[in-house]
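Any value given below was found using the heavy atoms of this structure, including those in side chains, with hydrogens, waters and symmetry copies removed.
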Amino acid sequence: MENEVEKLGIIKKIANILIERKKTLISILIIIIFSFLGLEFLDYYKKKINREISEKYIKAGIYLTTSKRDQSKKIYIEIIKNKNKFYSILALNNIIENDLEKNSDEVLKLFNLVEQIKTEKDQKELVKLKKALYLFKISKMDEGNSLLKQIIADDSKWKNIALELIK
């Protein structure tokens with residue numbers, strides 16, 4: 001009987017505390033709900049943007065195969081400027097491989113944009129390696145060698161390739 005009275009007393013105390021702090025608890029609950037909804041919206045928005053960029057990438061590839069190189073280049077550059085982790089690197093590769101941009105300074109600017117994207121270390125090092133190869137292609141040997149030395153110094157996954165290229 002005494003245990004039941006103690007339990008009722010504790011329950012009444014908890015109920016009183018909840019009633020006294022009702023506004024605070026409701027506010028916390030509303031903040032949690034809005035935070036959850038905000039995160040869901042952000043996830044939806046990121047997926048939507050990624051889907052749009054993938055469609056643009058496909059469209060640029062179609063333009064490239066139908067000899068509409070200027071339209072393809074514009075779309076690839078737009079993708080790079082969006083700084084998508086996946087498609088920006090692919091777009092830059094297509095620009096270089098298909099020689100869509102003749103101005104080497106512009107290509108180097110695109111490399112710089114891709115290097116600013118927050119990606120994994122291995123991907124950053126791969127972009128550096130590709131940049132070094134491009135620098136060799138446009139006869140900027142010193143800058144290319146400098147990048148290769150950075151790759152070697154960072155003990156990158158691409159170190160062996162960089163060592164071969166430096167020879």
Side-chain angles (χ1 to χ4, degrees), residues 24-140 143-165:
T24 306
L25 294 173
I26 290 173
S27 299
I28 291 172
L29 183 62
I30 289 172
I31 289 171
I32 291 171
I33 290 170
F34 277 117
S35 297
F36 178 73
L37 290 174
L39 290 173
E40 285 297 315
F41 175 75
L42 185 63
D43 185 49
Y44 168 78
Y45 179 74
K46 284 181 180 180
K47 285 180 182 177
K48 180 183 174 199
I49 294 295
N50 201 40
R51 192 175 319 114
E52 289 172 0
I53 290 173
S54 69
E55 289 171 4
K56 286 181 183 180
Y57 182 80
I58 292 168
K59 189 176 184 181
I62 292 170
Y63 282 144
L64 188 61
T65 57
T66 58
S67 299
K68 296 180 181 177
R69 296 170 61 84
D70 287 337
Q71 290 172 317
S72 179
K73 180 178 102 172
K74 286 178 187 175
I75 294 173
Y76 284 139
I77 289 172
E78 183 181 331
I79 290 170
I80 292 170
K81 289 181 178 178
N82 280 330
K83 296 184 177 183
N84 182 281
K85 290 180 180 182
F86 182 74
Y87 289 103
S88 293
I89 296 170
L90 292 176
L92 179 61
N93 285 340
N94 279 330
I95 288 172
I96 293 169
E97 287 175 17
N98 296 296
D99 204 24
L100 296 177
E101 180 61 61
K102 304 294 184 204
N103 184 344
S104 61
D105 291 333
E106 289 299 317
V107 174
L108 291 174
K109 286 179 185 176
L110 295 174
F111 265 111
N112 290 336
L113 285 173
V114 170
E115 287 174 332
Q116 292 172 3
I117 298 171
K118 294 180 181 177
T119 56
E120 294 178 18
K121 182 184 176 196
D122 288 341
Q123 285 182 321
K124 283 192 180 287
E125 298 294 327
L126 179 60
V127 171
K128 276 186 186 179
L129 182 66
K130 289 180 181 184
K131 186 176 183 180
L133 291 171
Y134 183 76
L135 288 167
F136 288 150
K137 179 180 174 182
I138 61 172
S139 301
K140 293 188 177 184
E143 292 177 43
N145 281 328
S146 174
L147 282 175
L148 291 176
K149 287 176 183 174
Q150 286 178 13
I151 292 169
I152 293 167
D154 290 342
D155 199 30
S156 168
K157 177 180 181 178
W158 309 104
K159 179 180 178 177
N160 292 335
I161 295 171
L163 284 169
E164 288 292 321
L165 290 170

Note to self: Looking at Lys121 and Asp154, is any side-chain nitrogen of the basic one under 4.0 Å from a carboxylate oxygen of the acidic one?
What the structure shows: no
Next item on the list: Kindly indicate, with the supporting measurements, whether the criterion salt bridge (Lys or Arg N to Asp or Glu O under 4.0 Å) is fulfilled by Lys47 and Asp43.
Entry: CA-CA 6 Å; Lys47 285 180 182 177; Asp43 185 49; 3.5 Å; yes
Notebook entry, point to check: More than 12 heavy atoms of other residues, nucleotides or ligands under 6.0 Å from CG of Asp70: is that the case?
Noted result: no
Margin query: Is the shortest side-chain heavy-atom distance between Lys131 and Asn112 below 4.5 Å?
Written below: yes
Next item on the list: Locate the shortest heavy-atom distance separating Leu147 from Lys128; write the atom from each residue and the value.
Entry: CD1-O, 3.9 Å
Note to self: I'd like to know if Lys81 and Glu78 make a salt bridge, using a cut-off of under 4.0 Å between side-chain N and carboxylate O.
What the structure shows: no
Note to self: Which heavy atom of Gly144 sits nearest to which heavy atom of Ala132, and what is that distance?
What the structure shows: O-CB, 3.6 Å
Checklist line | Minimum side-chain heavy-atom gap Lys157-Glu125 below 4.5 Å | finding: no
Checklist line | Pairwise side-chain contact, Gln123 with Lys85, heavy-atom cut-off 4.5 Å (strictly under) | finding: no
Next item on the list: Indicate yes or no for a side-chain donor-acceptor contact from Lys73 to the backbone of Ala60 under 3.5 Å, with no hydrogens or angles considered.
Entry: no
Note to self: To check you understand the geometry: which heavy-atom pair defines the closest contact between Asn94 and Tyr57, and what is its length?
What the structure shows: ND2-OH, 2.8 Å
Check: Is there a side-chain contact between Ile138 and Leu108, using heavy atoms and a 4.5 Å cut-off?
Finding: yes
Checklist line | Mutual orientation of the aromatic rings belonging to Phe41 and Tyr45 [parallel < 30°, tilted 30-60°, perpendicular > 60°] | finding: parallel
Check: Under 4.5 Å between any side-chain heavy atoms of Tyr76 and Leu92, yes or no?
Finding: no
Check: Taking the side chain from Thr66 and the backbone from Tyr63, do they hold a donor-acceptor pair closer than 3.5 Å?
Finding: yes
Check: How close do Ser88 and Val114 get, heavy atom to heavy atom, and via which atoms?
Finding: O-CG2, 4.0 Å
Margin query: Does any part of the side chain of Leu163, heavy atoms only, come nearer than 4.5 Å to the side chain of Lys159, both counted from C-beta?
Written below: yes
Note to self: A side-chain contact here means heavy atoms from C-beta on lying under 4.5 Å apart; do Glu52 and Ile49 qualify?
What the structure shows: yes
Check: When you look at NZ of Lys118, are more than 12 heavy atoms from neighbouring residues, nucleotides or ligands closer to it than 6.0 Å?
Finding: no
Margin query: Using only atom types and a distance under 3.5 Å, with no angle test, would you say the side chain of Asn82 pairs donor to acceptor with the backbone of Asn84?
Written below: no
Next item on the list: Would you check if Lys130 and Leu126 make a side-chain contact, meaning some heavy-atom pair closer than 4.5 Å?
Entry: yes
Check: Ser54 side chain to Arg51 main-chain N or O, any donor-acceptor pair under 3.5 Å?
Finding: yes
